[in-house]
Visitor: 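Below is a structure I'd like to ask you about.
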There are 2 protein chains.
Amino acid sequence: MHEHAPKSKLELTRNQALVFDALADAGGPLTAYAILDALREEGMRAPLQVYRALTKLMNVGLVHRLESLNAFVVCRHPECSSHETAAFAICETCGQVDEFAPDEAVSLLQSWASDHKFALARTTIELRGECSSCHK
Amino acid sequence: MHEHAPKSKLELTRNQALVFDALADAGGPLTAYAILDALREEGMRAPLQVYRALTKLMNVGLVHRLESLNAFVVCRHPECSSHETAAFAICETCGQVDEFAPDEAVSLLQSWASDHKFALARTTIELRGECSSCHK
DNA sequence: TCTCGAATGTAATATTATAACGCCTCTGAA
DNA sequence: TTCAGAGGCGTTATAATATTACATTCGAGA
């Protein structure tokens, strides 16, 4: 029996599912090359396969890119629509990332953009520091 | 007459001054390798020379790193102390960057951090979109 | 059936960043 | 005066991140 599932918008291909699962299993951020290494046994062989899957996953809002880490995490709020305005608190000690939705801060940034006639496409908000578990 | 100027805290070395001037002259973001290419004639030869100067310039608050671009810009408010909380609006059409100080938004993020016992060290806030000159 | 868009596999390469080494020049304390 | 430490410099090599280019496959409609 081959795989003939009809593709809904959220169907993932094999590579996309592999990459998503690897990220989800990690429970934290991974670089593209860390994902690649985790998936060698599943047949993933080249960086491009990972990057392509990541691009798709980001487009559908299942994965975020952490710019200040050059790494990727699964979205904590995949049903929510505001994937363009998520924020992340990144612990520099343990590496854990906490995603949150800073709605008011984003509103203020949108106001700034609007005041300056800047057509805002997406925002990157990343906090660096030490999480409560680490600096206790 | 050799250079014997007594070193105050803001004295820059030759390499640091070269890198700062290259960035200032560019009037916009440059990557480390773009800076290197701009300074070949001044004797800059290796990436590390540029990265070392950039690190110092960032430490003294004269230069910012744009995480989402892997590039660097001169600080627009070098006298101001809050170099850890600047924000940037990056035009994806023309590449120009507008630095601003989103004090209220930063306060909200600081509140979030405080509420979550997150010891905030610095924030990255970068807006991507199209500037007024470009989408007119 | 035909064609189109999306995804794949692979090799090669481009871009960004750091490690490791030794040397030089200040400065300040002994 | 010496000398030890901190910071900067120059160089080579390499690591880490990301993309280009090209050929192929697959499935969904017209």
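Every heavy atom of this structure was used, including side-chain atoms; hydrogens, water molecules and symmetry mates were not. Naming: A, B, ... by sequence-line order, numbering from 1 per chain. Model, not experiment: these values are computed from the prediction.
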Visitor: On DNA chain D, compare the nucleotides closest to B:R52 and A:Y33; which residue's is nearer the 5' end?
Guide: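 Nearest nucleotide further toward 5': that of B:R52.
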Visitor: So, OP1 or OP2 of D:dA18: does either fall under 4.0 Å of a side-chain N or O from A:N70?
Guide: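 It does, given that an N or O in the side chain of A:N70 lies less than 4.0 Å from OP1 or OP2 of D:dA18.
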Visitor: Between A:R14 and C:dT8, is there a contact of a side-chain N or O with OP1 or OP2 at under 4.0 Å?
Guide: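 Result: no.
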Visitor: Nearest nucleotide by nearest heavy atom, which residue falls closer to the 5' end of DNA chain C, A:A53 or A:P47?
Guide: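 Closest to the 5' end, via its nearest nucleotide, is A:A53.
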Visitor: Do A:I125 and B:T123 have side chains that get closer than 4.5 Å, going by heavy atoms?
Guide: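 SC-SC contact between A:I125 and B:T123 ruled out.
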Visitor: Are B:T31 and C:dT16 close enough that a side-chain N or O sits under 4.0 Å from OP1 or OP2?
Guide: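 So the side chain of B:T31 is within the cut-off, an N or O lying under 4.0 Å from OP1 or OP2 of C:dT16.
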Visitor: Nearest to the side chain of A:L48 - C:dT16, C:dT10, D:dT11?
Guide: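 Nearest listed nucleotide: C:dT10.
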Visitor: Picking from D:dA18, D:dG8, C:dA17, which would you name as closest to the side chain of B:Y51?
Guide: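 Output: C:dA17.
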Visitor: Checking B:D103 now: which residues fulfil salt bridge (charged side-chain N to carboxylate O under 4.0 Å, His left out) with it, not counting sequence neighbours?
Guide: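 Counting only residues at least two positions away or on another chain, B:D103 forms no salt bridge (charged side-chain N to carboxylate O under 4.0 Å, His left out).
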Visitor: Ignoring backbone atoms, test whether B:T13 places a side-chain nitrogen or oxygen under 4.0 Å from the OP1 or OP2 oxygen of D:dG7.
Guide: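 No.
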Visitor: Mind checking what makes salt bridge (charged side-chain N to carboxylate O under 4.0 Å, His left out) contact with B:E42, not counting sequence neighbours?
Guide: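 Listed in chain order: nothing, the list is empty.
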Visitor: Kindly point out which of D:dT17, D:dG10, C:dA17 is positioned nearest to the side chain of B:Q49?
Guide: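 Closest nucleotide to the B:Q49 side chain: D:dG10.
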Visitor: From the options C:dA17, D:dT17, D:dG8, select the nucleotide whose nearest atom is closest to the side chain of B:K56.
Guide: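 Comparing C:dA17, D:dT17, D:dG8 against the side chain of B:K56, the answer is D:dG8.
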Visitor: What I want to find out is whether A:R128 reaches A:E126 closely enough, with some N-O distance under 4.0 Å, to be called a salt bridge.
Guide: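 Looking at A:R128 and A:E126, the cut-off is not met.
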